[in-house]
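All remarks here apply to the structure that follows.
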Amino acid sequence: MSLTATTRHSRRLLLATRPTALRRGLSSFHAQRSPANDHTTTSESATNTLSRNLSSLFQGSPTPAPVDPRFEIIDSNHGSLVLARLPPYSQLYAQVGQTLGQSPRAHARTCPRGAAAVAALRPLLGRHAFIQEISTDSHPAEVLLAPKHAGDVVVLGMDGTRDYYVRRGRLLAQTKFLAVSTWHGIGAAFGALAFDRVSGRGSAVINTFGGLHRLVLREGDEYWVDPRYVVAWSSTLDVAP
């Protein structure tokens, strides 16, 4: 798998220290050119921008504009936990069975991913049919999430200018305004169905076996990697098998 950067702005790829798939060989990643004002923001800045943009929709309403939860990674010698702090009137989605604990003000329910017919077909693609929805009303709350895989955890802050492709089963949690869809990529040889496309504004929490290494490509860079170790990459990278 080869990666090439053709823009002066950095493009990111997350690699695991342990293989995440069975396929061997190297593939190519190549960064696309984007507008000059393209930039990377933190999760917090993306959240604040979203809140300002939505504030006008809630003027005159008793319910304030929603604010995305904030995620804090709690490290230990045996793995990591994720503490999600939910402001009033906020919402997040997490994998079913990954909630270790929560404050009484957090409301949790299990719901299907999409329409019933779509949710029923998801297991055929190796996806979960259900997801856990956690929300708050007029009071803040906290939720403690336990990652399924004993390894590193990273929070991706997304401002809507780029999407991320994430290996299936590695997305631990996401905020409300992120959409997840199955990636129709470069063919079965690469294992396109093994990745989901995450788009929108908000934060995505990714977890994998072992450690995570963030690889940054700049203009003119090209990198060859073993796809078995690829966990996620930004949509501004071109991929070649």
Side-chain angles (χ1 to χ4, degrees), residues 12-18 20 40-48 50 66-76 78-87 90-103 106-111 113 127-128 130-136 140-160 162-183 194-215 230-235:
R12 296 178 178 179
L13 171 79
L14 291 179
L15 301 176
T17 58
R18 298 182 183 180
T20 57
T40 302
T41 63
T42 62
S43 173
E44 183 175 0
S45 62
T47 299
N48 293 337
L50 178 62
V67 178
D68 276 345
R70 299 177 63 179
F71 298 101
E72 176 184 342
I73 299 175
I74 304 173
D75 293 315
S76 72
H78 302 286
S80 301
L81 296 177
V82 178
L83 177 63
R85 302 183 186 274
L86 290 82
S90 65
Q91 190 176 77
L92 66 83
Y93 297 97
Q95 293 185 17
V96 175
Q98 304 306 120
T99 302
L100 180 63
Q102 65 185 62
S103 58
H107 308 290
R109 70 185 184 98
T110 300
C111 53
R113 283 182 173 267
R127 268 67 177 177
H128 296 293
F130 295 92
I131 194 170
Q132 188 175 34
E133 178 188 280
I134 304 172
S135 61
T136 56
E142 293 183 354
V143 175
L144 197 58
L145 302 174
K148 179 179 180 181
H149 308 292
D152 284 352
V153 179
V154 65
V155 178
L156 293 178
M158 301 177 59
D159 63 359
R162 73 193 72 186
D163 301 341
Y164 274 89
Y165 298 98
V166 180
R167 186 174 292 276
R168 67 181 180 186
R170 302 303 187 263
L171 186 61
L172 174 64
Q174 68 195 75
T175 52
K176 179 179 181 180
F177 297 103
L178 291 182
V180 181
S181 58
T182 302
W183 176 50
F195 292 87
D196 290 323
R197 182 166 187 159
V198 183
S199 58
R201 293 175 177 264
S203 300
V205 183
I206 296 176
N207 166 235
T208 191
F209 293 110
L212 277 172
H213 172 66
R214 181 171 299 188
L215 181 66
V230 175
V231 177
W233 75 89
S234 67
S235 60

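All residue numbers in this chain count up from 1 along the given sequence.
Across all their heavy atoms, Pro147 and Val153 have their closest contact at CG-CG2, 3.8 Å. Minimum heavy-atom separation, Ala106 to Ala141: N-CB, 3.6 Å. Annotation for Ser199 and Asp163: closest pair CB-OD1, 3.2 Å, computed over non-hydrogen atoms. Among all heavy-atom pairs drawn from Leu86 and Ile134, the shortest one is CD2-O, 3.8 Å. When all heavy atoms are compared, the tightest approach of Thr136 to Pro87 is OG1-O, 2.6 Å. When all heavy atoms are compared, the tightest approach of Ser80 to Asp75 is OG-OD1, 2.9 Å.
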- request: Please lay out, stage by stage, how Val230 and Phe195 fare under the test side-chain contact (heavy atoms from CB on, under 4.5 Å).
  value: CA-CA 10 Å; Val230 175; Phe195 292 87; 4.2 Å; yes
message: Show, in sequence, the C-alpha distance, side-chain angles and deciding distance for Leu145 and Val205, and conclude whether the side-chain contact (heavy atoms from CB on, under 4.5 Å) test is met.
response: CA-CA 10 Å; Leu145 302 174; Val205 183; 6.0 Å; no
field: Pair Arg167-Thr208, side-chain contact (heavy atoms from CB on, under 4.5 Å): steps then yes or no
entry: CA-CA 9 Å; Arg167 186 174 292 276; Thr208 191; over 6 Å; no
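Taking NE2 of His107 as the start and CD of Gln91 as the end, the distance is 11.5 Å to the nearest 0.5 Å. From Ile206, atom CD1 reaches atom OH of Tyr164 across 8.0 Å, with rounding to the nearest 0.5 Å. Here the CZ-CD distance, from Arg170 to Gln95, works out to 9.5 Å after rounding to the nearest 0.5 Å. Note that CD of Glu72 and CD1 of Ile74 are 5.5 Å apart. Values are rounded to the nearest 0.5 Å. The distance from atom CD1 of Ile131 to atom CG of Leu171, rounded to the nearest 0.5 Å, is 7.5 Å. Atom CG of Leu92 and atom CZ of Arg85 lie 13.5 Å apart (nearest 0.5 Å).
For Asn207 (side chain) and Asp152 (main-chain N/O), a donor-acceptor pair under 3.5 Å exists by modelled atom type. Distance alone, capped at 3.5 Å, places no donor-acceptor pair between the Ser203 side chain and the Thr175 backbone. The closest donor-acceptor contact from the side chain of Gln132 to the backbone of Thr110 lies at 3.5 Å or more, if one exists at all. Side-chain atoms of Arg201 never come within 3.5 Å of backbone atoms of Phe177 as a donor-acceptor pair (strictly under, hydrogens ignored). The backbone N or O of Ala179 sits nowhere less than 3.5 Å from a side-chain atom of Gln174 that would complete a donor-acceptor pair.
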